[in-house]
Amino acid sequence: MTFEQYEITRRAVLQEVTALHLDHTYTCVASNSVGNSSVTVQLKKMIQVKWPSLVHYPIASLLLVAGLGIVLQVKWLEIKLLYRCYCQHGKLHGEEKDYDVFLSYVWSSPTAEVNGGLTPSCPPGPNSNLEACLSSVELLSSEEGRKNQRPLEVLLLQVLEDLWGYRLCLQDRDMLPGGAYTNDVVKAIQRSQMLICLLSADYLSDSRAVFTLESGIQALLQNSPIRLLLIWTRAPTSVTQPDSLPLPSVVQRALKVLPSLDWTSRKPGQDTSTFWRSLRKALPTDRVKSLSHVQIQETDHP
């Protein structure tokens with residue numbers, strides 16, 4: 001005797017499922033004359049995978065890397081100058097140089113002259129009393145400065161050389177006329193621990209002065225052991241506009257990131273101790289060995 005076999009499928013649909021139904025167990029039972037069968041199920045909340053987010057993350061990462069690459073390519077010169085100025089000064093050994101500071105400037109007044117000298121009121125050297133030196137400089141830049149109307153070009157020369165004892169290199173004093181100007185400037189920068197440029201509209205309009213500044217920037221970019229400091233003697237907002245002066249591109253970009261001090265809008269009687277204190281901290285700590293003026297000229301022109 002044979003029996004016909006039938007397969008019957010029934011489907012149970014829950015019309016409404018709430019949070020109360022989750023994590024509960026449900027049992028479905030089927031039975032006939034032959035036997036019975038049961039199935040147990042448990043409702044769980046499904047986590048929907050957001051496929052768009054998996055696509056967006058790699059695209060966003062790719063765009064971020066591409067953006068950083070573009071910024072590095074466009075601002076590479078500024079980034080390198082910032083790193084060289086603030087993160088890697090290099091080892092400056094005074095005995096390997098002939099000058100402490102190469103001072104580059106353009107006379108702001110045609111009648112400005114360096115008259116007389118100063119008696120040093122503080123001993124030269126990195127361990128000298130900074131407060132005493134600043135007091136002497138303050139006296140010079142206030143009382144005597146008002147009486148003689150000394151421009152910063154004169155005042156800075158006397159402070160660095162006469163008061164603080166640094167050996168300076170000046171184009172109109174330490175370079176013999178008749179030589180190759182460009183070569184002399186480059187060699188003087190290489191033989192100096194630091195380049196200080198007194199910036200003004202007159203300075204940025206002078207081709208020789210701009211060449212000196214550009215040579216210092218190139219030396220800094222070539223990992224030369226030199227420091228570079230800008231001192232604004234006129235308001236920088238009127239001369240640093242991209243279209244205001246025909247400056248080389250490397251100079252225009254470097255002016256925005258190089259270390260600088262501000263001497264603009266200095267009035268008689270105004271406190272200048274912050275300026276002189278910042279300048280003293282920026283100067284080299286190791287001095288060059290003392291050389292005679294004749295010896296320096298002989299090394300320039302054998």
Side-chain angles (χ1 to χ4, degrees), residues 1-92 216-230 232 235-237 240-244 247-262 274-275 277-279 281-282 285:
M1 184 176 180
T2 60
F3 295 93
E4 293 185 3
Q5 184 177 357
Y6 295 94
E7 183 177 347
I8 300 174
T9 303
R10 293 287 187 267
R11 178 179 298 177
V13 179
L14 299 177
Q15 299 297 331
E16 182 180 0
V17 178
T18 64
L20 297 177
H21 297 94
L22 298 179
D23 297 329
H24 285 264
T25 301
Y26 297 87
T27 303
C28 296
V29 179
S31 62
N32 57 17
S33 59
V34 177
N36 57 63
S37 176
S38 64
V39 176
T40 302
V41 296
Q42 186 179 16
L43 297 180
K44 290 187 177 182
K45 185 177 181 181
M46 295 182 58
I47 300 177
Q48 185 179 3
V49 179
K50 297 181 180 180
W51 293 103
S53 63
L54 300 180
V55 177
H56 292 164
Y57 289 147
I59 295 179
S61 301
L62 181 62
L63 292 177
L64 179 60
V65 173
L68 290 176
I70 295 174
V71 171
L72 287 176
Q73 183 176 4
V74 174
K75 297 295 183 179
W76 177 246
L77 185 142
E78 288 85 349
I79 295 174
K80 190 173 182 179
L81 285 175
L82 286 172
Y83 176 76
R84 290 288 300 154
C85 291
Y86 297 102
C87 300
Q88 185 180 349
H89 289 298
K91 295 182 179 180
L92 302 177
I217 297 172
Q218 294 295 345
L220 197 62
L221 291 173
Q222 295 170 5
N223 297 331
S224 298
I226 187 174
R227 297 179 183 178
L228 205 158
L229 177 66
L230 309 178
W232 290 97
T237 55
T240 55
Q241 297 298 328
D243 300 330
S244 60
L247 297 174
S249 175
V250 64
V251 175
Q252 287 185 345
R253 296 169 63 180
L255 289 177
K256 302 176 182 178
V257 297
L258 286 175
S260 63
L261 296 177
D262 187 13
T274 302
F275 170 83
R277 192 184 303 274
S278 300
L279 176 61
K281 291 181 179 180
T285 55

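FYI, side chains are in, hydrogens and waters are out, and symmetry mates aren't considered; it's all heavy atoms of this structure. Fair warning: this is a prediction, and the values are worked out from it, not measured in the lab.
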Which heavy atom in Tyr86 sits nearest to a heavy atom in Pro259, and how many Å separate them?
OH-CA, 3.6 Å

Pairs under 3.5 angstrom only: tabulate donor-acceptor contacts from the side chains of residues 67-81 to other protein residues two or more places apart or in another chain.
unit_1	atom_1	unit_2	atom_2	d
Glu78	OE1	Arg253	NH2	2.9
Glu78	OE2	Arg253	NE	2.9
Lys80	NZ	Leu221	O	3.0

Thr40: side-chain contact (heavy atoms from CB on, under 4.5 Å) partners, not counting sequence neighbours:
Thr25, Thr27

Looking only at heavy atoms, the pair that brings Leu261 and Phe275 closest together is CB-CE1, 3.8 Å

When rounded to the nearest 0.5 angstrom, what is the spacing between CD1 in Ile226 and CZ in Arg84?
10.0 Å

Partners of Thr18 by side-chain hydrogen bond (donor to acceptor under 3.5 Å, both in side chains), sequence neighbours excluded?
His21

Give the C-alpha distance, both sets of side-chain angles, the deciding distance and a yes or no for side chain to side chain contact (heavy atoms under 4.5 Å, CB included) between Cys85 and Leu228.
CA-CA 8 Å; Cys85 291; Leu228 205 158; 5.6 Å; no

Which residues satisfy the side-chain contact (heavy atoms from CB on, under 4.5 Å) test with Ala282, sequence neighbours excluded?
Met194, Leu229

Counterpart residues, side-chain contact (heavy atoms from CB on, under 4.5 Å), relative to Val39 (two or more places apart):
Val41

